[in-house]
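Comments concern the structure below.
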Amino acid sequence: MLHRLWFKLIDPIDQPLMAIAGLLLLYAFIVVASASPERVPAQILNMAAALFFMRLMAQVPPQRLMHLALPTYAIGIILLIAVALFGDVSKGARRWLNFGFMRLQPSEIMKIAMPLMLAWYFQKHEALLRLRDYAVAVLLLALPVGLIAKQPDLGTAILVLAAGFYVIFLAGLSWKIIVGLIVSAIAAAPLAWTFLHDYQRARILTLLDPEKDPLGKGFHIIQSTIAIGSGGIFGKGWGQGTQAQLEFIPERHTDFIFAVMSEELGLIGNTVLLVLYSLLIARGLMIAANAPTVFTRLLAGSITLIFFTYAFVNMGMVSGILPVVGVPLPFISYGGTAMVTLSVGVGILMSIHKHRMLVQK
Amino acid sequence: MEFKNPQEELERFQRRLGFAGGFVLFCFAVLFARFVWLQIIQHDYYQTRAEENRISLVPIVPNRGLIVDRNGVVLARNYSAYTLEVTPSKAMNMDALIDDLGQVIDIQPKDRRRFKKLLEESKNFESLPIRTRLTDEEVAKFIAHRYRFPGVDIKARLFRQYPMGDFASHLLGYIGRVNDSDLDKIEEEEDQEANYRGTEHFGKTGLEQHYEFDLHGQTGFEQVEVDAGGHAVRTLASTAPIAGNNLTLTVDAKLQEVAEKAFGDRRGALVAIEPSTGGILALVSMPNYDPNLFVDGIDPSSWDQLNNSPDKPMINRALNGAYPPGSTFKPYMALGALTLGKRRPEQTIFDPGYFNFGNHTFHDDKKGGHGSVDMYRSIVESCDTYYYMLANDMGIDNIANFMRQFGFGQRTGVDIDGESEGVLPSPEWKHKRFRKPEQQKWYAGETISIGIGQGYNAYTPIQLAQAVATLANNGVMFRPHLVQYITDSKTGAKTPIEPTPLRTIPLKQENIDIIKRAMVGVNKEGTGARAFAGAGYESAGKTGTAQVYSLKGEKYAEGHVKQELRDHALFIAFAPADQPKIALAVLVENGGFGAQAAAPIARQVFDYYLLGKLPKEAAPADENEPEGD
C-alpha cells in the first residue's frame, strides 16, 4: 500500500532531472547557510514549495498546458497593465500588485506564460508558418517585455524576452531575419540608450569602468570580483569568506550569492556549479529533442534555455562581464518566487518527457 | 509560404537545438575562463584587495604632554569628554540636521556659528564637533535617538585644557584644529606624517607651537577587522600610543600671576629672567586672552571680539611689540662710553637744559637743566643733555656696534616662534630700510636722540630683558628660554634645556661696577627711589619713558594728551644688586612716566620673588608729583 503510494508519487518524476535539481538545491542549502544562516528555515520552506510545484506540474499533461496557454498569457498581460496603473512602488520601481493577503509580481508569471503562449501559437500554425506568423509572435512578445521594462525591471524583461526569442528561434525563423534583427538591434542601441533609465545607463557605464566610482555604483561589481578573485582555486572555506561575512558583498543571499560561493568554495565550487547547470541544460535539451509535438518541443527548448539565461546572466554580472541586472542565480539564490518559477519549469520538462509516448498514441 | 515536412521540420528543430547547446557551452566556457582569470591568474591581487578591505589601521591619538611651571603647577593638561560629531559628507541638509539635533541635545547659536566656521575650513569627510563636553545624560539621550541621525556620532576625545584660563596665554599659546599650513609643517618634519594620522590638533602659538613635536607623543595603532560599514568587528593587533613629553618651565606661575595682577587692566609687557641661566621667570603680555577658546575652534563672535579689541589682546607684546627704550638705554650708552674711553666716570658736563646741534635744539626733560652732571648723576637723575653730547661724541657706528653685543635689534632665540627683530639704528640699517637716496642717508642730527633711546630705536621687551640680564651677569649673555627640562613620558628621563651662553661681551669689570652702582643709585635716591622705598634688598634699575607722539614745540602734559598718544613707561632692573637672581624689563603702554607706572610693577615682582611677599591691595598711583624720568 505504502509502496504503491510512493510509486504514484514518484511516477511522473524524471529521475535524472530530479537528481540534478536535488544536487542544485543541496548546493543552495550549503551556500545560503553560509551567506545568511538566519534565512535557512525560510529557504527550506521555499525549497519544499518548489518541490511541491515541480511535482504538481510534472503530472499536468501537455495538452492541458496548451489549453492554459492563452488564458495564462491574457491574465499575465492584464495583471501587468494593472501593475502599471495601480502597482506598489518599492525602491523606485512599480513591480508589485497588492491583493491585501498577498503581494504578487505579475512579471514573474510571464516567464512561464510567454514560452507557453508562443509555443501554443506556433503549434496552432504548425502546418503553415508564414512570415506574418513570426511577426505576430514578435508582437506577442514585445507587449509584455515593453510593460516589464517600463516598470522598470530590466532583469525580468531580459528573461521574458529571451524566453520568447528562444521559442521563435527554435520554431525556425530564418537565420537571415535573425541576423538582420540582431544587426538592427545593435544599430538601434544608441536610440535605446535614450530610453533607458538613468540607473540602467549607470549600470552599463559601471560595467565598462567599475573603478571610476568605487564607492558608488561600481562598489557592487568591485566587491564581488574581489570576492571571486580572492577565493582562489580552493576557496577560503565555508563560512570563512571575509568579503561575504564582513558584508562587503551586497545582496549576498540573493543576486550576488554567487560571489559568496565563489569566495568560500573557490574555482572548484564554481566548476561544480557549472557542471550541474550543464547537466540540467543537457537533460532539458534532450527532452526537447525527443518531445513529440511542436508545442512541447518549443516549450521544453525554451524553458531549458531560460535556465541557461538565468545562470549565465547572473554569473556574468557577478564576475563583472555583464552589466548588473536583477537576475537571481537559478536554484541557488534565496527567495521563493524565482525558486517556484524555475521548479514549475522543471516540472513542465518532466511532464513533457513523461507524456511523450501518450501524445504519439 | 511553405508547406512543412514534419521530418524535415524535426531535423531543423534539432539543428537549432544543437546550435543552442553549442552556444550554451561557449558561454559557459567564457565564464570558466573568467573564473580562471580572477581566481588563478589575478588571485594574488584580489587576495590583497580583500585583505585591505578587511583590515583597517586605526590610529590611537596619544595624550598630549603636560606643561607645568618650575614648581609643578599645571598650566596645560588634557581631559576626556564626549563630543557630538557630524560627518558633513554624510549629511544631506546640514541646517535641517542641526535643527533636528537641537531637539535632542542643546545646541546654542554659538555652537552653530563655531561649527559653520569649522565646516568652511575643513574637508568634507572629517567628522567635526558640533557640541563638546556632553553630560552623561545628553549622551544617553542621543544614543536613544541615534538611528535618526546617520553621520552623527558621539566620540570620546581628549581635550586640551588651560586650567588657569586667561593666564600666561602668550607664553603657553594654544592648540587648534590642524590646518593646511600645519600639515606642511608635519610633512617637513621627518617621520611625522604617519604619527599625525588621527591627530586633530596642532600647536598654533606659544610653547604649544614651539614644542609641538615634543608634546605630541607617539601615535598608537590598532589593526582591526572592519565590515563594509567600517565598523570594527574585532581587534587583530595593536600598538599602544606613547603620551607626549611633559614640559617643565623655568617660569614661576605664582610670580607670573603677581606680575599679571600688577598690570591691572593696563596694556604692556614684562619679561623677568634669571641672569645666570637665561631661564625666563615670567613672561607677561597684557591683556591676556583665554586659550581655551581656541581648542575646538573659536566661535566667530569671540574671535571678532579678540581681533577688534583696541587693546589688541592677541599680540604678544613681549616678543612682537617693538618700543623705543627711552632712558633705559642710558646705562648701556654710559657703559659704551667707558669701554670706548669717551668718558671718564668723574668727568662732568654742564647741562643748561638743552643741547644745540646745528640749528636744532634738543631739550632736556628737566626745565633749566641738571647743572653740573657726572656719569653717576646722569643715570640716577636721567639727564638727557649728558647723553645728547655723548651720542654726538661716540657717533652712530660706535653706538650701534656696542649695542649690538647686548642683543639689541636681534632676535633673542627664545623658545617661542615668530619673535620680532626690532630696530638697532645704524647707517647700514637706514640704507636698507628706505628707498629714496635722500632718506637713505644718515644725518648726524639723528644720532643725538639715539643717545636717549629715542629716534629709530625700537626693541622688544624680551630684548630689553635679555640686555639687562646680561648686564647683571657681568656681560655673559644667555639665550632666554622658557622650558627648563623635557620629561620623557615613557622613561621619565629628564632632558634639561641647557643654559646656552651666547657670548661674553668684552667688558672691564670696573666699568660694569660703575654702571651697576649708578643703577643702584637710581632705586635709592633717583627716579626709582619712590617705587623701591623700604625694599628689604638692594636693587638696581633704570626708568624710561618712550615718546609715542612727538609734540612739536608744545610742552608734554600728560593730562591733556589722549591716552593712546601718551608715552610708554619703561623700567629695567635687577636684584639683589650684588648677586642678581632676577633681571627684568617692564613696559606699560601709554603708561606715562616709567618711574610711576613701570617701576612699581617691578617692585611687586621683586618683592615676591626675593622675599615671598605678596603685594597688598595696589595703592593708587600718585599723579601729583611726576619725578623726572
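Residue numbering restarts at 1 for every chain, and letters A, B, ... go by the order of the sequence lines.
- The structure places CG of A/L267 at 8.0 Å from OG of A/S262, a figure rounded to the nearest 0.5 Å.
- The most heavy-atom pairs under 4.5 Å with chain A, out of B/E225, B/R15, B/E51, B/Q42, come from B/E225.
- For the residue pair A/S230/B/H43, the side-chain donor-acceptor check at 3.5 Å is not satisfied.
- Under the salt bridge (Lys or Arg N to Asp or Glu O under 4.0 Å) criterion, A/R297 pairs with no residue at all, not counting sequence neighbours.
- Residue B/L10 touches chain A through both its backbone and its side chain, counting heavy-atom pairs closer than 4.5 Å.
- In this structure, chain B has no heavy atom under 4.5 Å from any part of A/Y166.
- Per-residue counts of heavy-atom pairs under 4.5 Å with chain B were compared for A/L170, A/T242, A/L285; the largest is that of A/L170.
- Using a 4.5 Å cut-off between heavy atoms, A/I281 touches chain B through its side chain atoms alone.
- Contact count against chain A (heavy-atom pairs under 4.5 Å) is highest for B/N53 among B/D44, B/L38, B/N53.
- For A/I268, no part sits under 4.5 Å from any heavy atom of chain B, backbone or side chain.
- Between the side chains of A/H353 and A/R283, at least one donor N or O sits under 3.5 Å from an acceptor N or O.
- In this structure, chain B has no heavy atom under 4.5 Å from any part of A/F234.
- Top candidate by heavy-atom pairs under 4.5 Å with chain A, chosen from B/R34, B/Q47, B/Q14, is B/R34.
- Under the 4.5 Å side-chain criterion, counting only non-hydrogen atoms from C-beta, A/V318 is not in contact with A/H220.
- Contact annotation for B/L17: both backbone and side-chain heavy atoms come within less than 4.5 Å of a heavy atom of chain A.
- Side chains of A/T296 and A/T293: a donor on one and an acceptor on the other come within 3.5 Å.
- Salt bridge B/D99/B/R112: present, at least one basic N to carboxylate O contact under 4.0 Å.
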